[in-house]
2 protein chains.
Amino acid sequence: MSLKYPLQEVRICFVGESFVNGTGDPECLGWTGRVCVNANKKGHDITYYNLGVRRETSNELRNRWLREVSYRLPKEYDGRVVFSFGANDTTIENGKTRVDFEESIVNIQQILGEAKQLYPVLMLSTAPCGDQAQNQRIADLSQRFAVVCQELNIPYLDVFSKLINSNIWLEEAKNYDGAHPRSAGYAEFAEIVDNWDAWLNWFSLT
Amino acid sequence: MSLKYPLQEVRICFVGESFVNGTGDPECLGWTGRVCVNANKKGHDITYYNLGVRRETSNELRNRWLREVSYRLPKEYDGRVVFSFGANDTTIENGKTRVDFEESIVNIQQILGEAKQLYPVLMLSTAPCGDQAQNQRIADLSQRFAVVCQELNIPYLDVFSKLINSNIWLEEAKNYDGAHPRSAGYAEFAEIVDNWDAWLNWFSLT
């Protein structure tokens with residue numbers, strides 16, 4: 001189709017697991033859709049690609065993200081990538097975590113190291129789930145992810161530490177399926193991102 | 001994460017081009033998000049996967065859809081697929097359409113023929129764009145798509161014929177980028193789907 005492109009157009013891929021997909025949100029926006037809606041309200045024009053996949057570990061994401069993202073973000077447009085993953089790595093199956101802790105670290109290094117050579121990149125920790133022991137493992141992972149991002153000079157937002165103290169997120173998850181919140185929880189997540197300087201900097205006009 | 005699955009859970013992949021992506025909708029829902037929100041309001045629980053990609057032709061979609069869809073719809077869950085594509089095939093580039101008319105027909109036969117063996121499938125025509133000559137080509141394609149779907153026994157919805165007579169859709173497209181509407185146009189598209197018996201039958205409890 002022939003298009004007259006408006007100004008300030010940007011295409012963003014959000015890549016990660018069920019929390020990126022927005023699983024549980026009856027409004028079908030999750031935090032990713034909400035932050036894009038809020039940016040659009042300020043006059044930006046975002047093409048919104050949600051690439052969250054339920055149950056996906058960082059091992060799996062490592063093999064998928066580049067193909068799906070590069071397909072949607074051709075070089076001639078202003079394409080950017082937001083990652084958030086890790087929770088599924090920490091799930092216990094058959095007596096051990098689905099992904100070994102150190103393997104998760106290697107995965108994030110590999111994924112973000114490659115991504116930053118191709119696109120502007122942001123990384124967010126994953127969110128808490130309903131299981132206390134698993135949340136401790138997510139917290140440990142989140143802290144190491146912060147170090148990796150600092151080394152790679154990629155902006156990192158620890159939403160886990162904020163949401164773990166939120167009654168809304170945890171109550172909604174508990175009352176829904178034990179892991180995912182509903183609309184209010186995702187709105188809370190979105191508000192944290194809406195106030196993140198690294199996200200806001202993507203849309204500054206200077 | 002350990003999950004307590006609620007009843008009536010269904011995972012739906014929406015596959016196609018920019019109109020499936022919802023390009024131009026500042027509310028980041030498009031018609032696909034809106035029909036899922038409306039189904040959720042009736043008590044259903046949809047995991048919503050939007051796999052619309054801008055500028056994609058049916059040649060490209062043919063090579064992509066199965067990998068991305070099967071990755072999101074593992075056998076153990078109730079997964080379904082909604083397709084809508086064709087507009088980009090009819091765009092003129094270098095003096096001819098991006099995809100030859102008969103090649104588009106072969107593509108839809110191949111894509112839907114394969115998809116129906118794996119998942120419940122619905123097909124919708126694409127929507128009108130702002131170009132009158134291109135809309136005639138889309139109309140021709142839409143009519144042939146109807147025949148293919150009848151042969152394959154796949155429910156088909158001709159939204160093109162309805163939206164081509166809609167001032168909202170065409171006016172919004174004209175005032176935005178010449179091709180894509182804004183929220184009101186997508187809401188109108190969604191309302192047509194909301195009243196489609198084949199879509200409604202997916203959620204009947206009998």
Side-chain angles (χ1 to χ4, degrees), chain A residues 1-6 9 11 17-19 21-30 32-41 43-56 60 64 67-68 71-72 74 77 87-88 90-92 129-131 134 138 173-174 176-180, chain B residues 1-6 9 11 17-19 21-30 32-41 43-56 60 64 67-68 71-72 74 77 87-88 90-92 129-131 134 138 173-174 176-180:
Chain A
M1 291 168 269
S2 65
L3 301 174
K4 295 173 284 177
Y5 284 106
E9 194 189 339
R11 302 184 181 195
E17 51 207 355
S18 58
F19 292 132
N21 166 259
T23 302
D25 180 10
E27 297 179 23
C28 294
L29 287 166
T32 61
R34 283 178 172 78
V35 298
C36 288
V37 169
N38 290 338
N40 285 336
K41 278 183 191 157
H44 306 291
D45 186 358
I46 297 173
T47 296
Y48 164 57
Y49 286 122
N50 186 311
L51 297 173
V53 175
R54 297 183 70 167
R55 262 190 68 79
E56 188 187 57
E60 294 157 347
R64 164 181 72 104
R67 185 169 51 219
E68 292 193 0
Y71 192 76
R72 287 159 173 82
Y77 302 107
N88 290 322
T90 67
T91 303
I92 302 282
C129 65
D131 183 287
Q134 183 165 8
I138 294 175
K174 186 175 144 194
Y176 176 54
D177 66 0
H180 306 99
Chain B
M1 289 170 274
S2 65
L3 301 171
K4 294 174 285 178
Y5 285 106
E9 193 187 342
R11 303 184 181 196
E17 51 206 356
S18 58
F19 293 132
N21 166 260
T23 303
D25 180 10
E27 295 179 25
C28 295
L29 287 166
T32 60
R34 283 178 172 78
V35 298
C36 289
V37 170
N38 291 338
N40 285 336
K41 277 183 191 157
H44 305 292
D45 185 358
I46 297 174
T47 296
Y48 164 58
Y49 287 120
N50 186 310
L51 296 174
V53 175
R54 297 183 71 166
R55 262 190 69 78
E56 189 187 58
E60 294 157 347
R64 165 182 71 104
R67 185 169 49 219
E68 292 192 359
Y71 192 76
R72 287 159 173 81
Y77 301 107
N88 291 323
T90 67
T91 304
I92 302 282
C129 64
D131 182 287
Q134 183 165 8
I138 293 174
K174 186 174 144 194
Y176 176 54
D177 66 359
H180 305 101

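Hydrogens, waters and symmetry mates play no part in the numbers below; they use all other heavy atoms, side chains included. Below, chain A is the first sequence line, B the second, and so on; all start at residue 1.
Side-chain polar atoms of B:Glu56 and A:Tyr71 form a donor-acceptor pair below 3.5 angstrom.
For the salt bridge (Lys or Arg N to Asp or Glu O under 4.0 Å) test, no residue two or more places apart in sequence or in another chain qualifies with B:Arg67. Not a single side chain to side chain donor-acceptor pair (under 3.5 Å) links A:Asn40 to another residue, sequence neighbours left out.
With a 4.5 angstrom heavy-atom cutoff, A:Arg64 touches chain B only via side-chain atoms. In this structure, chain B has no heavy atom under 4.5 Å from any part of A:Ile92.
The shortest side-chain heavy-atom distance between A:Arg11 and A:Arg72 does not fall under the 4.5 Å cut-off.
For the options A:Asn38, A:Val37, A:Ile46, heavy-atom pairs under 4.5 Å to chain B are most numerous at A:Val37.
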